[in-house]
Amino acid sequence: MITLEQVRLLDQKVNQAVELISSLKSENQMLKDKLESYQKKISELEVLLSGLKEDQSEVEVGFRKALDTLSALERAGENAEIAPEEEKNFEADTDSADEDPELADEAELDEEESLEAETGSESEDAELDIF
């Protein structure tokens, strides 16, 4: 026969089991909520990652275009090289052709007069007026 003590012990163990099951259910629900939250976060990060990959590929394409442009400019510069002396001679020829001969003579005279005035005034006045 079953004694009253055995029934109480069984009741106590059933209550403990019910409490444990309830605790495990709430923990399970909490873990499910966390899992759902993490899955949403993973989805958001995957979208962000794909966007970053697209941006990175656009940046790479931009860099490649810039490098191609620089290479093309470099090749064009190598192909169309002009010797620096030839360029200077060409510029000097065009500048002198543009000047008026009379103005050039006047400019030379002005320079000579200013040089003579500077050297002449120094020899005549030995004293310096510094104040």
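Since the structure is predicted, the reported quantities are computational estimates derived from the model, not experimental observations.
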Engineer: Looking at CG of L70 and CZ of R75, how far apart are the two atoms once the value is rounded to the nearest 0.5 Å?
Structural biologist: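 That separation rounds to 10.5 Å.
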
Engineer: Any donor-acceptor pair under 3.5 Å linking the side chain of S22 with the backbone of V18?
Structural biologist: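 Not confirmed, S22 side chain does not pair with V18 backbone.
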
Engineer: Do N15 and E19 pair up side chain to side chain, a donor and an acceptor below 3.5 Å, judged on atom types alone?
Structural biologist: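 Side-chain D/A pair, N15 to E19: absent.
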
Engineer: Rounded to the nearest 0.5 Å, what separates atom CD in E78 from atom CG in L73?
Structural biologist: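 It comes to 11.5 Å.
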
Engineer: Out of curiosity, L31 CG to S26 OG, how far, rounded to the nearest 0.5 Å?
Structural biologist: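 Here the rounded value is 9.5 Å.
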
Engineer: Can K40 and E36 be said to form a salt bridge (Lys or Arg N to Asp or Glu O under 4.0 Å), step by step?
Structural biologist: CA-CA 6 Å; K40 285 181 181 178; E36 185 179 335; 3.8 Å; yes

Engineer: Can you tell me if CD on E5 sees more than 12 non-hydrogen neighbours from other groups inside 6.0 Å?
Structural biologist: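 Atom CD in E5 is not crowded, with 12 or fewer foreign heavy atoms closer than 6.0 Å.
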
Engineer: With a 4.5 Å heavy-atom cut-off, do E58 and V61 have their side chains touching?
Structural biologist: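 No, their side chains stay 4.5 Å or more apart.
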
Engineer: Is any side-chain heavy atom of D11 closer than 4.5 Å to a side-chain heavy atom of R8?
Structural biologist: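 Not touching, per the 4.5 Å side-chain cut-off.
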
Engineer: Please report the interatomic distance NZ(K41) to NZ(K34), rounded to the nearest 0.5 Å.
Structural biologist: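 If we round to the nearest 0.5 Å, K41:NZ and K34:NZ are 15.0 Å apart.
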
Engineer: So, does S37 use its side chain to make a donor-acceptor pair with the main chain of D33 at under 3.5 Å?
Structural biologist: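 Looks like no, no N/O pair under 3.5 Å.
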
Engineer: Hydrophobic clustering (ILVMFWY, side-chain heavy atoms < 4.5 Å, transitive) - are V14 and I2 grouped together?
Structural biologist: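 No, I2 and V14 fall in different hydrophobic clusters.
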
Engineer: Are L52 and Q56 side-chain neighbours, meaning at least one heavy-atom pair lies under 4.5 Å?
Structural biologist: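 They are not in contact (no side-chain heavy atoms under 4.5 Å apart), so the answer is no.
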
Engineer: Please assess K32 against N28 for the test side-chain contact (heavy atoms from CB on, under 4.5 Å), listing each intermediate value before the final yes or no.
Structural biologist: CA-CA 6 Å; K32 284 181 180 180; N28 190 24; 3.8 Å; yes

